[in-house]
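For reference, the structure discussed in these notes is given below.
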Amino acid sequence: MSVTPKIISTLLASALAATSVTALAAPAAKPTAAEAERFLADTEAKLNKLNNEQSRAAWVGSNFITDDTEGIASYFAERYLTASGEAAIGARRFNGLKLPAESARKIMLLQQTLVFADPKEREQYAQLQAAMNGAYGKAKYCSTPDNCMALGEMEKVLATSRDEAKLKEMWVGWHAQSPSYKQKYTDYVALSNKGAQQMGFADTGVIWRSQYDMPPEAFAAEMERLWQQVKPLYDSLLTYTRYKLRATYGPDVVPLDGPIPSHLFGNMWSQNWSNLYPLLKPTTGASSYDLTKVLEQRKTDAKQMTRYAEGFYTSLGMQKLPASFWERSLLTKPRDRDVVCHASAWPLNEKDDVRIKMCITPTAEDFTVIHHELGHIYYFLAYTKQPFLFRNGANDGFHEAIGDTVALSITPSYLKQIGLMDQEPDVTADIPQLLERALSKVAILPFAYSVDKWRWDVYSGKTKPADYDKSWWQLREQYMGMKRPAPVNGTSGFDAGAKYHVAADVPYARYFLADMLQFQFHRALCREAGYTGPLNRCSVYGNAKAGAKLQQMLALGASKPWPEALKAISGEDKIDGNALLEYFAPLKTWLDQQNAILSAAEKKS
Ligand code: X8Z
Ligand code: ZN
């Protein structure tokens with residue numbers, strides 16, 4: 001997980017009762033600013049200690065999935081929940097009191113959490129969370145009792161095979177696993193909402209939308225505004241992709257209009273279409289360079305992949321990764337046990353115990369992901385000196401955007417500099433490169449938006465458990481233009497749960513925001529470096545000035561409202577799709593030309 005303080009908390013029934021009574025009775029002596037400061041100091045010290053303990057237990061729970069480690073992880077999560085719940089209720093006393101801005105911000109942050117009145121419910125909540133995490137990590141598809149595949153192997157088939165039946169088998173096989181924890185998820189949602197209501201929120205989705213320094217309704221409107229801004233680019237990319245998939249799989253599988261079956265996009269969730277690049281690449285001017293091939297041929301191991309990424313950050317003037325990072329991280333999939341392979345970055349304490357857990361393979365995709373993970377790590381390291389409650393991203397989208405910003409600087413000229421490419425391609429390769437990048441950066445937009453649109457409706461009760469799949473696929477069709485490759489499983493299916501972040505209950509709007517922010521950050525860093533050419537050819541590798549600018553923002557952590565952090569790096573104070581659109585503008589023109597040609601050819605045939 002990339003987020004330090006857990007937003008979820010709980011509270012002993014007695015503490016809640018005491019607080020409510022106080023609220024109704026004649027107010028106790030007016031709290032003073034000095035009391036508030038003491039309260040914050042005590043609370044931060046306590047939460048820091050309990051958070052370190054729960055992180056350590058969660059690390060073990062995700063690295064060695066057994067019933068015992070699951071029990072240990074939920075025990076420590078529960079202890080943290082108890083303390084953070086007490087803190088949330090305790091903080092209410094200081095609402096409205098005149099305090100220094102930073103203290104007022106801490107009082108506000110402490111209250112954005114769940115609070116459980118009933119200790120039994122708190123325990124159950126923590127257990128369900130640990131159990132769903134374990135269930136996702138252990139899930140396998142067995143075509144026969146002795147032929148079982150883990151998610152990673154199935155993803156590899158989706159990435160490389162063009163055999164439609166095989167793709168469908170992988171897709172359906174993986175999506176048959178999540179119904180086993182649907183009941184757990186349903187119970188978990190109900191409990192979570194109870195916790196939100198204890199704290200005065202309508203439901204958990206409202207808490208999630210309240211974490212962006214603006215009212216929750218304003219945040220939902222911002223998401224919609226941003227989506228409308230970038231939708232035309234997505235539509236052009238989908239249209240082009242449709243023609244190419246039609247040519248590959250035939251008109252019976254890929255219709256000319258209407259939703260496309262979602263198992264054909266090279267990815268289990270069709271959120272990243274990079275693996276379709278060989279099918280989609282322009283016939284002229286396309287670079288034949290294949291980073292995956294180079295990494296495979298050189299037998300680049302997981303440590304070396306990580307070293308490449310570290311090298312980028314140190315070139316910006318950042319520190320080397322601490323020795324403990326190398327000793328304690330998990331970089332490859334163990335052969336002898338179940339682990340949660342979904343890549344994650346962890347701060348284990350407020351010093352420099354930072355780690356990643358990732359099953360690295362020598363592919364271009366993992367080359368990007370490792371830069372992403374180290375973005376979290378360098379953010380953790382940059383804000384260690386902040387007080388506990390500010391040891392976090394300016395908002396969660398910032399946390400997700402840092403490593404991706406750095407990865408936008410993985411250009412041919414950079415790859416040549418580090419010896420992974422012999423010859424830089426000429427400008428005719430710009431469109432192919434932009435297309436390749438759009439297959440991850442543009443394709444994810446409607447996915448990222450609609451995952452949380454689905455959860456907002458689940459948490460609000462608008463979508464009932466029997467309609468989970470119905471609503472999931474309505475959203476997939478409306479936003480992504482996709483459909484389920486096989487009929488929906490009545491009312492017992494749980495396709496959303498086949499995505500890690502749903503099973504692990506990690507909010508997803510962050511990736512949507514990060515997708516916009518990283519282009520704003522990239523543009524700002526390139527300007528800082530004095531670069532004036534096209535943004536797709538800019539790499540800030542080795543540029544200390546750009547590095548200092550980035551570091552300055554990272555060091556703020558969550559101490560200021562995010563618009564101030566954005567201003568510190570870019571001079572802008574709004575998240576905006578404009579930088580992304582500017583980056584891909586030449587591709588948009590090209591896609592629309594191609595689509596006109598392909599549409600005319602389709603009409604003729
Ligand atoms: O979960 C991740 C990271 C860890 S925070 C690997 N990502 C999202 C996903 O895989 O669904 C990065 C891109 C989107
Ligand atoms: Zn991340």
Side-chain angles (χ1 to χ4, degrees), residues 1-4 58-59 62 133 136-137 151-152 154-155 158-159 174 178 262 265-275 302 305-306 309 313 329-331 333 339-347 354-361 363-380 392-408 410 437-452 454-455 476 480 495-519 521 554 580:
M1 276 330 72
S2 62
V3 180
T4 324
W59 173 265
S62 286
N133 192 48
Y136 184 93
L151 175 60
M154 303 173 79
E155 285 187 87
L158 283 175
W174 177 248
S178 39
S262 69
F265 289 83
N267 174 275
M268 189 60 85
W269 307 275
S270 29
Q271 64 179 77
N272 181 340
W273 311 344
S274 302
N275 293 314
M305 295 272 283
T306 315
Y313 289 87
S329 289
L330 179 122
L331 302 180
K333 186 173 177 354
V339 299
V340 180
C341 262
H342 190 90
S344 53
W346 300 59
V354 289
R355 310 174 193 175
I356 64 168
K357 185 170 61 58
M358 179 173 167
C359 303
I360 302 177
T361 54
T363 61
E365 190 172 335
D366 276 3
F367 195 74
T368 310
V369 176
I370 186 67
H371 285 75
H372 174 96
E373 294 308 324
L374 290 199
H376 290 306
I377 295 288
Y378 279 98
Y379 214 161
F380 300 147
N392 215 332
N395 67 39
D396 55 6
F398 278 60
H399 229 302
E400 298 303 336
I402 304 310
D404 284 11
T405 303
V406 165
L408 287 178
I410 304 176
R437 203 144 246 169
L439 294 177
S440 57
K441 302 297 174 188
V442 178
I444 196 177
L445 288 161
F447 177 78
Y449 183 30
S450 59
V451 168
D452 273 3
W454 181 82
R455 279 192 292 195
R476 245 108 289 281
M480 299 168 76
D495 286 342
K499 178 67 196 160
Y500 169 76
H501 301 71
V502 174
D505 200 40
V506 179
Y508 211 85
R510 57 184 62 187
Y511 300 107
F512 182 82
L513 301 176
D515 218 56
M516 316 268 168
L517 281 167
Q518 61 191 263
F519 288 94
F521 296 164
L554 299 184
L580 179 148

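This structure is a prediction, so every number in the text was calculated from the model and none was measured. For the numbers below, each heavy atom of this structure counts, side chains included, while hydrogens, waters and symmetry mates do not. In each ligand, atom 1 is the first atom listed, and ligand 1 is the first ligand listed.
In this structure, CE on Met268 lies 10.0 Å from OG on Ser262, to the nearest 0.5 angstrom. For the atom pair Ile402 CD1 and Tyr378 OH, the distance stands at 14.0 Å (nearest 0.5 Å).
Under the side-chain contact (heavy atoms from CB on, under 4.5 Å) criterion, Ser178 pairs with Tyr181, Phe494, Ala498, sequence neighbours left out.
A heavy-atom separation below 4.0 Å is found between Ile444 and ligand 1. Heavy-atom separations between Met358 and ligand 1 are all 4.0 Å or longer.
If you number the atoms of ligand 1 from 1 as listed, the ones under 4.0 Å from a heavy atom of Glu400 come out as 5 (S). Every atom of ligand 1 is numbered from 1 in the order shown, and the set under 4.0 Å from a heavy atom of Gln271 is 9 (C), 10 (O), 11 (O), 14 (C). Close contacts of ligand 1 with Ala343, meaning ligand atoms under 4.0 Å from a residue heavy atom, involve 4 (C), 6 (C). The His376 neighbourhood of ligand 1 comprises atoms 5 (S), with distances under 4.0 Å to a heavy atom of that residue.
Contacts with ligand 1 closer than 4.0 Å are made by side-chain heavy atoms of Tyr508 only, the backbone lying farther away.
Ring planes of Tyr508 and Tyr511: tilted class, angle from 30 to 60°.
Residue His342 places at least one N or O, backbone or side chain, under 3.5 Å from an N or O of ligand 1. Between Tyr511 and ligand 1, at least one N/O pair is under 3.5 Å apart. Between Lys499 and ligand 1, an N or O atom pair is found at a separation short of 3.5 Å. Considering backbone and side-chain atoms alike, Glu373 places every N or O at 3.5 Å or more from each N or O of ligand 1.
Counting heavy atoms from C-beta on, the side chains of Ile410 and His371 come closer than 4.5 Å.
With hydrogens and angles disregarded, a donor-acceptor distance shorter than 3.5 Å links the side chain of Tyr313 to the backbone of Gly375. A distance-only check finds no donor-acceptor pair linking the side chain of Asp452 to the backbone of Arg455 [under 3.5 Å]. Ser450 places a side-chain N or O within donor-acceptor distance of the main-chain N or O of Phe447, the cut-off being under 3.5 Å.
Expressed to the nearest 10°, the angle at the Zn ion (ligand 2) joining OE1 in Glu400 with NE2 in His372 is 90°.
Within His376, the N, O or S atom lying nearest to the Zn ion (ligand 2) carries the name NE2.
Among the atoms of His399, no N, O or S atom is found under 2.8 Å from the Zn ion (ligand 2).
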task = Please assess His399 against Phe380 for the test ring pair (Phe, Tyr, Trp, His ring centres under 6.0 Å), listing each intermediate value before the final yes or no.
result = CA-CA 9 Å; His399 229 302; Phe380 300 147; 5.2 Å; yes
